[in-house]
Amino acid sequence: MPAARGIIAGVTAWLIIVILFALYDALAGRKERSSLLAVGAPAVIGRALDAVLQSRTAFALAVKRYEEALSRQTARVGAAAGLSDAIRSNNPFVSDIGELERHKDDARERLLDAQRLWDAVQPGERPDASIDLWMGSGFMRGWQIGPIGYERMFVRFDHSIDSTCWVAWEFRRPRIGFGLGYERQRLALFCIRTSAEQLPSLVGRAFDGHELAVRPGFVPSRLWRRLRRSDEAKAANTVLMRRHQLGDLISGPDADERRVVNAAFEVELGDRLARISELPPGPGLLSIHAKGPSFSLGAWTGPTPDAELRASSGHGTWHA
């Protein structure tokens, strides 16, 4: 019986550890999602939208008041049919009609001005660029306790040319296999020749992996890829790797970071981005680089995770 009690104690301890890891990840994920979902539209877009909504309300109210006054005027015309022209011309109600009409016309002009401002700043359906180049950053958190594990990724993609077009997704999946460990990886992603509509499925497939892990460890293939990359690509990788906090996913890359990444794209494509109007034919390419603390031993797999939208620019493609 001591052996049975030992097995029960071991299973109980394993379950407690699994529950603690799962609870920590669930609470952290909930906080991260809430922060991303709270991201609003840029101030200029928000002000333009507010101006349109307020102007529409003011115009509708002005039209309503004018039509109501005009209706009452029509009803009084019959009653005043026998009055002289002088009496009708001095009727104050007639001047009220004219004032309400002016208010209606002024409200209409303000609505047209607000609509023109909105048309000037509102995001389009897709990025405003002739070629599709994306830079991504974020982090992955994963754990494996025996046969049960889980991993969660938060990733933000910014269009390399259209700085107003961006999206932040969450990917998550259970792990099935056997192992022991925990990791939090910083991510740098580069994507070429992939439209905004194709991007989420491509990234999801990239995170659909079978893994045999011995970490900390040495991976010859990764080292070889790192050594043979250009200096510009290494610099871009370093810049994106730094953006691994939740606040980085909210704020997006600054002008200097974009400049470094775009320099790497230009070396890869062999020309300045401003002079490239079409990319060479071929499938979409996605490169993912990961780095960070990891203590894992085992092998696991899992289902293909779906992209879950957490925040984005106002472009129509993210909300289709």
Side-chain angles (χ1 to χ4, degrees), residues 36 39 42 123-124 126-140 153-171 184-200 202-207 222-280 282-292 307 310-313 315 317-318:
L36 288 172
V39 178
R126 293 176 179 81
D128 184 16
S130 59
I131 56 177
D132 285 310
L133 299 172
W134 302 89
M135 63 183 76
S137 58
F139 58 89
M140 185 275 285
M153 291 77 67
F154 285 95
V155 177
R156 170 174 171 140
F157 272 93
D158 289 84
H159 196 276
S160 177
I161 298 173
D162 184 355
S163 60
T164 69
C165 188
W166 62 274
V167 63
W169 288 307
E170 178 184 6
F171 296 87
R184 191 186 191 280
Q185 299 284 321
R186 306 190 300 272
L187 303 175
L189 306 95
F190 305 87
C191 191
I192 296 178
R193 211 168 31 232
T194 302
S195 68
E197 293 82 2
Q198 298 168 330
L199 193 59
L202 179 61
V203 178
R205 290 197 302 272
F207 286 136
R222 288 186 182 181
L223 178 62
W224 174 245
R225 287 198 303 270
R226 191 176 301 122
L227 291 175
R228 64 189 295 267
R229 300 185 76 197
S230 66
D231 290 339
E232 290 82 1
K234 293 176 183 176
N237 201 62
T238 300
V239 162
L240 293 178
M241 286 283 188
R242 292 177 186 152
R243 302 181 44 76
H244 60 92
Q245 301 297 330
L246 190 65
D248 298 323
L249 272 67
I250 294 173
S251 62
D254 60 27
D256 290 336
E257 292 168 333
R258 298 182 68 88
R259 192 177 303 112
V260 171
V261 176
N262 283 344
F265 277 130
E266 289 176 345
V267 169
E268 183 72 23
L269 297 173
D271 201 352
R272 302 278 297 177
L273 295 186
R275 293 200 291 261
I276 300 175
S277 59
E278 187 177 15
L279 294 176
L285 299 177
L286 174 65
S287 175
I288 301 179
H289 305 269
K291 184 178 182 180
R310 297 305 179 209
S312 70
S313 58
H315 291 74
T317 186
W318 311 128

Any side-chain heavy atom of [X] within less than 4.5 Å of one from [Y]?
| X | Y | result |
| --- | --- | --- |
| D158 | R258 | yes |
| F190 | N237 | yes |
| W166 | P253 | no |

Mind checking the [atom1]-[atom2] spacing from [X] to [Y]? Nearest 0.5 Å is all I need.
| X | Y | atom1 | atom2 | answer |
| --- | --- | --- | --- | --- |
| R186 | M241 | CZ | CE | 6.5 Å |
| R242 | S137 | CZ | OG | 12.5 Å |
| S195 | I131 | OG | CD1 | 14.0 Å |
| L189 | S287 | CG | OG | 8.0 Å |
| I276 | L269 | CD1 | CG | 4.5 Å |
| K234 | H289 | NZ | NE2 | 12.0 Å |

Of all the heavy-atom pairs spanning [X] and [Y], show the shortest one and how long it is.
| X | Y | answer |
| --- | --- | --- |
| F171 | V203 | CZ-CG1, 3.5 Å |
| G284 | T194 | CA-OG1, 3.3 Å |
| G136 | L240 | O-CD1, 3.5 Å |
| A168 | L36 | CB-CD2, 4.5 Å |
| L202 | C191 | CD2-SG, 3.8 Å |
| E257 | G252 | OE1-O, 4.5 Å |

Counting N and O atoms only, with roles assigned by atom type, does the side chain of [X] sit under 3.5 Å from a partner on the main chain of [Y], one being a donor and the other an acceptor?
| X | Y | answer |
| --- | --- | --- |
| R243 | D248 | yes |
| Q185 | K291 | yes |
| R193 | P280 | yes |
| W169 | M153 | no |

Around D254, counting heavy atoms of other residues, nucleotides and ligands shown, do more than 12 lie under 6.0 Å from its CG? yes
Got more than 12 heavy atoms from elsewhere within 6.0 Å of CZ, R184? yes
Side chain to side chain contact (heavy atoms under 4.5 Å, CB included) against A129, all qualifying residues, sequence neighbours excluded: H159, I161
Side chain to side chain contact (heavy atoms under 4.5 Å, CB included) filter on N262, not counting sequence neighbours, yields M135, S160, F265, L273
Applying salt bridge (charged side-chain N to carboxylate O under 4.0 Å, His left out), can you list everything that pairs with E232, at least two apart in sequence or on another chain? none
Under 3.5 Å, is there a donor-acceptor pair linking the side chains of H315 and S313? yes
Evaluate L187 against F207 for side chain to side chain contact (heavy atoms under 4.5 Å, CB included), listing each step before the verdict. CA-CA 12 Å; L187 303 175; F207 286 136; 4.1 Å; yes
Check against side chain to side chain contact (heavy atoms under 4.5 Å, CB included), T317 and V167: CA-CA 10 Å; T317 186; V167 63; over 6 Å; no
Does the side chain to side chain contact (heavy atoms under 4.5 Å, CB included) test come out yes or no for Q198 and D132, once each step is laid out? CA-CA 11 Å; Q198 298 168 330; D132 285 310; over 6 Å; no
Tell me whether the rings of F139 and F154 are parallel (<30°), tilted (30 to 60°) or perpendicular (>60°). tilted
